Number of protein chains: 2
Amino acid sequence: MPTIKDVALAAGCSTATVSRALANPEKVTEATRKRVASAIAKVGYSPNLAARNLRRSESRTIVVLLPDIANPFFSEIIAGLEDVAHREGYRVLLGDCEHDTGRAKAYFDLLPTNQADGIILLTAEIPLSLVTQQARGSQIPLVMACEYFDHLALPTVRIDNPLAAARAVEYLSSLGHRRIATITGPMQNPICIDRVKGYQSEMARQQLAVNPGWIVEGDFGFLSGYQQGQLLLALPPEARPSAIFCHSDEMAIGLMKAARDASVRVPEDLSVIGFDNIGLSEYCQPELTTVSQPRDEIGRCAMRLLLDVLRKKQVPHQQVLSTQLIVRASTAQAPKP
Amino acid sequence: MPTIKDVALAAGCSTATVSRALANPEKVTEATRKRVASAIAKVGYSPNLAARNLRRSESRTIVVLLPDIANPFFSEIIAGLEDVAHREGYRVLLGDCEHDTGRAKAYFDLLPTNQADGIILLTAEIPLSLVTQQARGSQIPLVMACEYFDHLALPTVRIDNPLAAARAVEYLSSLGHRRIATITGPMQNPICIDRVKGYQSEMARQQLAVNPGWIVEGDFGFLSGYQQGQLLLALPPEARPSAIFCHSDEMAIGLMKAARDASVRVPEDLSVIGFDNIGLSEYCQPELTTVSQPRDEIGRCAMRLLLDVLRKKQVPHQQVLSTQLIVRASTAQAPKP
DNA sequence: CTGAAAGCGCTTACAG
DNA sequence: CTGAAAGCGCTTACAG
């Protein structure tokens, strides 16, 4: 592999000049710039970034930490992230924490040794100490997306979860539903707590009572929607919900399967709302009413925010993207009592 | 950030000794080993891998190229890959080619400058020249999974696509179906050609005629299954298939939606088989009969294979993992004529 | 505008 | 078993 020395030899100049011609062309005469350019082409040179990074103390690599890469919800966010990164000359190192809080540390350790320049957190399932120490003390470039930490002023890209949940409940209420339940994601996630709060406050605003049994916890996956759905549908008739708001589309689809099994018709007997608007939500039966999140844009925003942090620009501490209730066929007027 | 010098100072030895204590503990006395260890703990040292990599001419980074990260099919493969890599002290750099053949080159360029040690290809949508030059000439460590190139003897992890397709057709035939169609993936993919071959040879073996209109091309996504499904279901009754084998579950689910729209009942009027066994296939309506691929294991195998290549071990040129036909509710006896 | 030289943090023959 | 020294390939003050 040819090095900068070979180029210098071929161009008849020093390695310093080659380096300058590449990094600061304006510091070099037109003529040398051209000689260097053709020398580079001739020897087929491409710079060794490991050496450059060592020298510059940067890596042009961004770590993206996520709870579980096999969860398709993240795929589109990552696609957005990676596209922005690529355009800006950065690379994305994927850190799958597999819901294991210990794994995150290994990735944070890449920062102090310049193996990564910054971190985008798509999960709050990491030791809080990593974030407080690093983000505050050593000013590690860190951006969160989707999730957030409560008492920390990290730059964050997110949606308004309480509002989105309230809108979903408001819509169900407008259809005449009074017994509205919710299947949540894991309640250690602040966003799930937020959605429950939005649910509760809107129920209160609509003067609807909340049966404590109507708030059940899932894990975002199909199976938990199915299982918790079975529980809700097994409630005695006077307590059985006529509408259920789920914190993910997968759980909503699992719930609809539980309804089929129990011969409960959606939407005639039961209205269902999901969250995320994954591709599938248009192809399930019935098509799913859901809260749409701009996943691609969340990824792009987060990466742009982090690059701004790296470039020492002022960045907003909160970037709130808007959601949209997409009404499809899984919701309908509440059944007559 | 403390460097190896700080450790040497604290341990009262040279940097060479510190380095050896870390890399080849057996070359160092018990006593110095201990002094070094406690010095490391004291100063809070962790080695700068950029410097190590520059020196060792390796990066411990594996590039994974895939056509489109937003496609959930790959998520689980990546999860498997990344788990093996992590255990072996390697990192995974994700290269999303976005179906754009130009992007791959940037990732291949990481190899000669030691920014990556090897490549796992999950796509054949890259310029063939990259592979032939690099794999043969410069012996770039390269492993393929899922896809493969026809005339190249690259180490490859894959399934037996013709066999899997033939099994699906055989099963449909055993249910009495005679008019069996197929919705393929993009036909520039060798695996799709293989599946069509398997379909054709099994049709022939069962002495079933193939109407040329029964082989239609999709792109693996929901929408193309829906659209091509509409076409197939619009064929005149005598040519209309009673069973359709799809090259992906998403297309099968799109097809089932087209059937609902056309008031064609699945499985009573139409049997549907998918491919991949994604999580969703158990939760759609009806539950989908499909060919299961061991995605996690494909990822693991591919990474292990690549690490073996890097360690100069002999590796098999083909690793064929087995598939399984999972029979669920989308297939049934052919309707009486 | 250009070059000689130092140095980023590590590893590894080469002596001893 | 240990150390002094060279070198991986680049970048960048410092002179000129």
Side-chain angles (χ1 to χ4, degrees), chain A residues 1-40 43-61 89 91 109-117, chain B residues 1-40 43-61 89 91 109-117:
Chain A
M1 199 59 201
T3 73
I4 198 170
K5 261 190 189 165
D6 302 309
V7 178
L9 212 66
C13 65
S14 73
T15 59
T17 299
V18 176
S19 177
R20 273 190 288 257
L22 250 36
N24 310 90
E26 74 282 1
K27 290 190 177 173
V28 150
T29 57
E30 173 83 30
T32 43
R33 201 156 50 228
K34 278 186 179 159
R35 264 187 304 132
V36 168
S38 64
I40 286 175
V43 304
Y45 170 72
S46 70
N48 180 324
L49 298 199
R52 173 181 293 173
N53 293 342
L54 175 60
R55 187 51 229 243
R56 284 197 185 157
S57 294
E58 66 168 23
S59 64
R60 298 231 148 206
T61 298
R91 276 159 294 153
D109 284 344
L110 299 176
L111 278 271
T113 52
N114 294 317
Q115 297 169 72
D117 294 346
Chain B
M1 199 59 200
T3 72
I4 198 171
K5 263 189 189 164
D6 302 308
V7 178
L9 211 66
C13 65
S14 73
T15 59
T17 299
V18 176
S19 178
R20 272 190 288 259
L22 250 35
N24 311 89
E26 74 282 2
K27 290 191 177 175
V28 150
T29 57
E30 173 84 28
T32 44
R33 199 155 54 227
K34 278 186 180 160
R35 265 186 304 131
V36 168
S38 64
I40 285 175
V43 305
Y45 170 72
S46 70
N48 180 324
L49 297 200
R52 173 181 292 172
N53 293 342
L54 175 61
R55 188 52 230 244
R56 283 196 185 158
S57 294
E58 66 169 24
S59 64
R60 298 232 147 205
T61 297
R91 277 160 292 153
D109 284 345
L110 299 176
L111 277 272
T113 51
N114 294 317
Q115 296 170 71
D117 294 346

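Naming: A, B, ... by sequence-line order, numbering from 1 per chain. As the structure is a prediction and not an experimental result, all values here were calculated from the model.
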Quick one: pull up CZ in Arg55(B) and CG in Leu49(B) and give me the separation to the nearest 0.5 Å.
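If I round to the nearest 0.5 Å, the distance is 15.5 Å.
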Whether [X] side chain and [Y] backbone form a donor-acceptor pair below 3.5 Å:
{"X": "Asn48(B)", "Y": "Ala50(B)", "result": "yes"}
{"X": "Arg35(A)", "Y": "Ala11(A)", "result": "yes"}
{"X": "Asn24(A)", "Y": "Arg20(A)", "result": "no"}
{"X": "Arg52(A)", "Y": "Pro47(A)", "result": "no"}

For DNA chain C, the dot-bracket notation using Watson-Crick and G-U wobble pairs below 3.5 Å, [ ] for pseudoknot-type crossings and | for other-strand pairs, is |||.||||||||.|||
Please work out which residues in [range] have a non-hydrogen atom less than 4.0 Å from an atom of DNA chain C and list them by number.
{"range": "residues 26-35 of chain A", "value": "Lys27(A), Val28(A), Thr29(A), Thr32(A)"}
{"range": "residues 48-60 of chain A", "value": "Leu54(A), Arg55(A)"}
{"range": "residues 16-25 of chain A", "value": "Ala16(A), Thr17(A), Arg20(A)"}

Below 4.5 Å, heavy atoms only, C-beta onward: do [X] and [Y] meet side chain to side chain?
{"X": "Ile40(B)", "Y": "Leu22(B)", "value": "yes"}
{"X": "Thr61(B)", "Y": "Gln115(A)", "value": "no"}
{"X": "Ile4(B)", "Y": "Tyr45(B)", "value": "yes"}
{"X": "Cys13(B)", "Y": "Val36(B)", "value": "yes"}
{"X": "Lys5(A)", "Y": "Val18(A)", "value": "no"}

Expressed in whole Å, how much space separates the P atoms belonging to dA15(C) and dT11(C)?
22 Å
Contacts of Lys34(A) that satisfy side-chain contact (heavy atoms from CB on, under 4.5 Å) - sequence neighbours left out:
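Lys34(A) satisfies side-chain contact (heavy atoms from CB on, under 4.5 Å) with Glu30(A) only.
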Which pair of heavy atoms, one from [X] and one from [Y], lies closest together, and at what distance?
{"X": "Ala8(A)", "Y": "Ser14(A)", "result": "CB-C, 3.7 Å"}
{"X": "Thr32(A)", "Y": "Val28(A)", "result": "OG1-CG1, 2.8 Å"}
{"X": "Pro25(B)", "Y": "Arg33(B)", "result": "O-NH1, 2.8 Å"}

Span of DNA chain C in contact with chain A (heavy atoms, under 4.0 Å):
dC1(C) to dG9(C)
Without hydrogens or angle criteria, can the side chains of Ser59(A) and Asp117(A) be said to hold a donor-acceptor pair below 3.5 Å?
yes
